[in-house]
Amino acid sequence: MPELPEVETIRRQLRSKIINQTVVRAGSHESPKFLSAREITGRRFTELTRRGKYLIAECDGHKELIVHLGMTGQLLIDRGEQGSTMLDQYQRAWWSLDNGKTVVFRDVRRFGRIAVVDKGDYSQIPTLRDMGPEPFSPELTGDEVWSRTRGRTRRIKTQLLSQRLIAGVGNIYADEALFIARINPSLRAISRPQAQRLLDAVRTVLSEAIERGGTTLRDYRNLEGEGSNQHHLKCYGRGGQPCFVCASTLRSRIIDARTTTWCPRCQAR
DNA sequence: ATCCTGCCCTGTAAGC
DNA sequence: TGCTTACAGGGCAGGA
């Protein structure tokens with residue numbers, strides 16, 4: 001499940017391979033989720049950026065190709081000629097470049113989506129339009145995070161997953177960050193010191209995951225293979241196992257349709 | 001504005 | 001062995 005570290009890893013690996021390349025041909029699965037991939041045919045990639053979990057490929061003519069990987073989305077470079085042949089049945093879109101290589105979007109479960117928009121116009125992509133601050137933004141402070149939670153009544157775990165509090169955090173890194181920050185996921189309000197700890201923890205878990213090329217549990221692959229952060233998870237997926245800090249049995253329950261794991265002692269309410 | 005439910009998707013693993 | 005069911009869950013529509 002690609003979150004910020006996985007998307008950032010892919011961005012760094014893909015950037016130099018597509019920048020200044022022109023899309024000579026493109027194709028897509030017929031689903032409206034992917035159909036607009038074809039709209040950048042003839043355009044040249046000028047930059048590859050990221051906002052939260054969204055990849056943004058800037059093109060000439062003030063257009064942007066937006067790619068969200070969903071749950072099982074992958075981007076890879078293929079040498080073969082596309083259009084006549086498919087990588088496999090899960091190929092959802094492809095862009096052939098003028099250097100002879102092809103960028104392929106593969107997505108088994110089709111939770112991903114692709115859009116082409118005028119530069120900076122995210123009005124048709126609500127989560128991107130309403131995206132919270134980037135976690136590594138130098139201007140972002142603990143007080144800013146705290147003030148963004150003020151007046152909110154949703155659980156802090158839910159607020160993290162919403163993308164509006166801080167950009168790019170999904171279920172894995174939400175559980176990891178709340179564990180590191182010693183904050184109970186069900187709290188509906190957090191203190192200033194807790195907000196500072198939460199921001200510090202988010203930055204820690206995300207930066208460590210980026211250094212390790214992401215977390216490969218099931219489907220995620222970067223352009224060079226698997227990440228290695230899955231070997232360093234302290235909380236996510238460890239329900240029923242002992243806490244590394246205090247040896248209490250980690251607890252799991254569903255919060256907002258997402259499995260949530262926490263330590264009942266380190267993260268007491 | 002917030003909250004809640006259900007839907008989209010398919011491979012994998014568990015259960016009978 | 002073969003079939004059924006549960007589960008993984010980000011984003012979003014729609015109704016309260």
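Just the heavy atoms: all of them, side chains too, but no hydrogens, waters or symmetry mates, feed the values below. To find a chain, count down the sequence lines: A is the first, B the second, and so on, and within it residues start at 1.
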From B:dC8, C:dG10, B:dT2, pick the nucleotide closest to the side chain of A:R152?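 Of the candidates, B:dT2 comes closest.
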When you get a sec, tell me which of B:dT10, C:dG10, B:dC8 is the closest nucleotide to the side chain of A:K33?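 So the side chain of A:K33 is nearest to B:dC8.
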For atom [atom1] of [X] and atom [atom2] of [N], their distance in whole Å:
X      : N      : atom1 : atom2 : value
A:Q74  : C:dG10 : CD    : P     : 17 Å
A:I255 : B:dC4  : CD1   : P     : 12 Å
A:Y236 : C:dC7  : OH    : C1'   : 11 Å
A:D130 : B:dT2  : CG    : P     : 10 Å
A:I254 : B:dG6  : CD1   : P     : 15 Å
A:R51  : C:dG10 : CZ    : C1'   : 17 Å
A:D256 : C:dA8  : CG    : C1'   : 16 Å
A:R150 : B:dT2  : CZ    : C1'   : 18 Å

Looking only at side-chain N and O atoms, does [X] come under 4.0 Å of OP1 or OP2 in [N]?
X      : N      : answer
A:H68  : C:dG11 : yes
A:Q163 : C:dG11 : yes
A:T259 : C:dA8  : yes

Need one value for [X]: base, sugar-phosphate or nothing, where a base atom within 4.0 Å counts as base even if backbone is also close, heavy atoms only.
X      : result
A:T72  : nothing
A:R110 : sugar-phosphate
A:E3   : nothing

Should the pair A:F34 and A:F105 be assigned to parallel (<30°), tilted (30 to 60°) or perpendicular (>60°) ring geometry?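 A:F34 vs A:F105 ring planes: tilted.
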Checking side-chain polar atoms at under 3.5 Å, does A:S96 have a donor or acceptor matched by the opposite partner on A:T102?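 A:S96 vs A:T102: donor-acceptor pair found between side chains.
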Pairing donors with acceptors under 3.5 angstrom, does anything connect the side chains of A:Y236 and A:T215?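 No pair is found: no donor N or O on one side chain lies under 3.5 Å from an acceptor on the other.
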Test for a donor-acceptor pair under 3.5 Å between the base of B:dC9 and the side chain of A:R109, counting only N and O atoms.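 Yes, a donor-acceptor pair under 3.5 Å.
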Go through the N and O atoms of the side chain of A:R258 and the base of C:dG10, and report whether any donor-acceptor pair is under 3.5 Å.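 Looking at the base of C:dG10, it does pair with a donor or acceptor on the side chain of A:R258 (distance under 3.5 Å).
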Hey, which sits more toward the 5' end of DNA chain C by its nearest nucleotide, A:Q124 or A:N171?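 Here A:N171 is the residue nearer the 5' end.
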Cation-pi, A:F179 ring and A:R238 (6.0 angstrom, 45 degrees):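 Pair A:R238/A:F179 does not count as cation-pi.
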By nearest heavy atom, map A:G151 and A:R92 onto DNA chain B; which one lands nearer the 5' end?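 Its nucleotide being nearer the 5' end, the pick is A:G151.
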For A:K63, is the NZ atom crowded, meaning more than 12 foreign heavy atoms sit under 6.0 Å from it?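 Enclosed: over 12 neighbouring heavy atoms sit under 6.0 Å from NZ of A:K63.
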